[in-house]
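To start, the structure under review is shown below, and the notes come after it.
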Amino acid sequence: MARWAIAIHGGAGVDPNLPESRQDEAKRVLARCLQAGVDMLRAGASALDVVEAVVRELETDPFFNSGRGSALTRRGTVEMEASIMDGRGRRCGAVSGVSTVKNPVSLARRVMDKSPHSYLAFEGAEEFAREQGLETVDNSYFITEDNVGMLKLAKEAGSILFDYRIPLAGTDTCSALAGADNHKGMAIIRSTLARDVAAVMEYKGLPLQEAVDYCVKERLDEGFAGLIAVSSTGEVAYGFNCTGMFRGCATEDGFMEVGIWE
């Protein structure tokens, strides 16, 4: 029977001048979320339940830009997306354009488990959330002072800034000033990066870390990205080709780490 392992991330592409206090705060959030997952795994919880619970923690804490603390639209509102997958049966659920659901990952789980659909968006997703009795809040709940400031900077620069931790100048980060070109997200989507990792493991016989390194180096077509991966046997791997990635992992034998830089 495979040993369990868990990996989480809070985004790739970090301001190299991020203050020590912010680095420490990021590590505390990552460690707390990891510990929540570890406690559930030790108690025998399913992988899906653990994934949902840990992502809910990340959505609730405003430090990383998911859920509360999400990047703002031009109008100063929040529109969120989330997805979840179950390898058994290749099931999946996804939502986008969500503006009042407190924990979008839980809505994505309901789409997978309780609907005939794989994807719902905007009002349809909101209506399904209400039908399912999920907690909703006013959109103002998701808005933070940090991201209001980031929107102001973006408007002044006439460009898109995806994360308030990214500096206004420089190109050695995953998602610096991008105009109409989101190198990180588009590179991942175009290259189907996670699928490539699985494919090179299956067809080339590469171990997990080598597969991750190969795909990050060879399959991004000059894009920038970061990813985390866990194998069916409990191996954990990280990969990123930019300045830093907020990440952490824990394994059944008691190992735990959080990090930002190489």
Side-chain angles (χ1 to χ4, degrees), residues 1-12 22-69 80 82-95 101-114 132-135 194 197-198 201-202 206-213 226-240 244-262:
M1 184 176 180
R3 298 167 65 87
W4 61 254
I6 180 173
I8 63 174
H9 78 88
R22 297 292 280 168
Q23 295 182 41
D24 291 343
E25 184 178 357
K27 291 177 180 178
R28 284 195 296 271
V29 174
L30 290 169
R32 191 188 75 243
C33 293
L34 270 179
Q35 190 60 56
V38 166
D39 291 344
M40 291 182 68
L41 287 165
R42 286 176 176 165
S46 71
L48 273 174
D49 287 345
V50 173
V51 166
E52 180 184 358
V54 172
V55 174
R56 284 174 63 95
E57 288 285 326
L58 289 167
E59 289 175 337
T60 300
D61 193 290
F63 186 88
F64 298 116
N65 62 346
S66 63
R68 187 162 184 256
M80 300 166 290
S83 62
I84 194 166
M85 298 184 71
D86 182 0
R88 296 169 301 180
R90 298 184 179 182
R91 301 188 308 129
C92 61
V95 295
V101 180
K102 188 174 183 180
N103 292 108
V105 70
S106 293
L107 179 55
R109 174 83 183 270
R110 295 294 182 93
V111 170
M112 180 175 70
D113 288 344
K114 303 294 185 180
Q132 291 294 307
L134 295 181
E135 183 176 2
V197 172
M201 290 179 71
E202 181 177 357
L206 295 184
L208 181 65
Q209 187 64 62
E210 288 185 30
V212 168
D213 292 341
L227 62 86
I228 57 175
V230 178
S231 76
S232 61
T233 57
E235 299 171 275
V236 177
Y238 306 126
F240 54 97
M245 179 171 73
F246 299 106
R247 81 271 185 188
C249 73
T251 59
E252 189 174 1
D253 59 11
F255 176 79
M256 181 184 289
E257 72 171 6
V258 294
I260 302 173
W261 316 112
E262 291 284 358

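Nearest heavy atom pair, residue Ala5 against residue Gly234, reads CB-O, 3.4 Å. The minimum heavy-atom distance linking Val236 with Ala7 is given by the pair CG1-CB, 4.0 Å. Heavy-atom minimum distance, Ser106 versus Glu52: OG-OE2, 2.7 Å. Between Val197 and Ala211, the closest heavy-atom pair is O-CB, 3.9 Å. The nearest pair of heavy atoms linking Gly226 to Phe240 is CA-CB, 3.7 Å. Residues Val95 and Val111 share a closest heavy-atom pair of CG1-CG2, 3.8 Å.
A heavy-atom distance below 4.5 Å is not found between the side chains of Val230 and Ile6. Under the 4.5 Å side-chain criterion, counting only non-hydrogen atoms from C-beta, Leu58 is not in contact with His9. By the 4.5 Å heavy-atom criterion applied to side chains, Ser66 and Met80 are not counted as neighbours.
If you take CE on Met40 and CG on Asp49, they are separated by 5.5 Å, rounding to the nearest 0.5 Å. Rounding to the nearest 0.5 Å gives a distance of 12.5 Å between CG of Asn103 and CZ of Arg68. Atoms CZ and CZ, from Arg56 and Arg109 in turn, are 11.0 Å apart once rounded to the nearest 0.5 Å. Atom OG1 of residue Thr233 and atom CG of residue Leu208 lie 8.0 Å apart, to the nearest 0.5 angstrom.
A search for salt bridge (Lys or Arg N to Asp or Glu O under 4.0 Å) contacts involving Asp86 returns Arg88, Arg91, not counting sequence neighbours.
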**OP:** Decide side-chain contact (heavy atoms from CB on, under 4.5 Å) for Ile8 and Leu30; before the verdict, give the C-alpha distance in whole Å, the side-chain angles of both, and the deciding distance to 0.1 Å.
**Re:** CA-CA 8 Å; Ile8 63 174; Leu30 290 169; 3.8 Å; yes
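In this structure a side-chain-to-backbone donor-acceptor pair under 3.5 Å is missing from Arg247 to Ile228. In this structure, Glu59 contributes its side chain and Val105 its backbone to a donor-acceptor pair below 3.5 Å. Proximity of a side-chain donor or acceptor of Gln209 to a complementary backbone N or O of Tyr238 within less than 3.5 Å is detected.
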Side-chain donor-acceptor pairs of residues 253-262 under 3.5 Å, sequence neighbours excluded:
unit_1, atom_1, unit_2, atom_2, d
Asp253, OD1, Thr251, OG1, 2.5
Asp253, OD1, Phe255, N, 3.2
Trp261, NE1, Gln23, OE1, 3.2

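Taking a cutoff of 4.0 Å between a charged side-chain nitrogen and a carboxylate oxygen, Arg28 and Glu25 do not qualify as a salt bridge.
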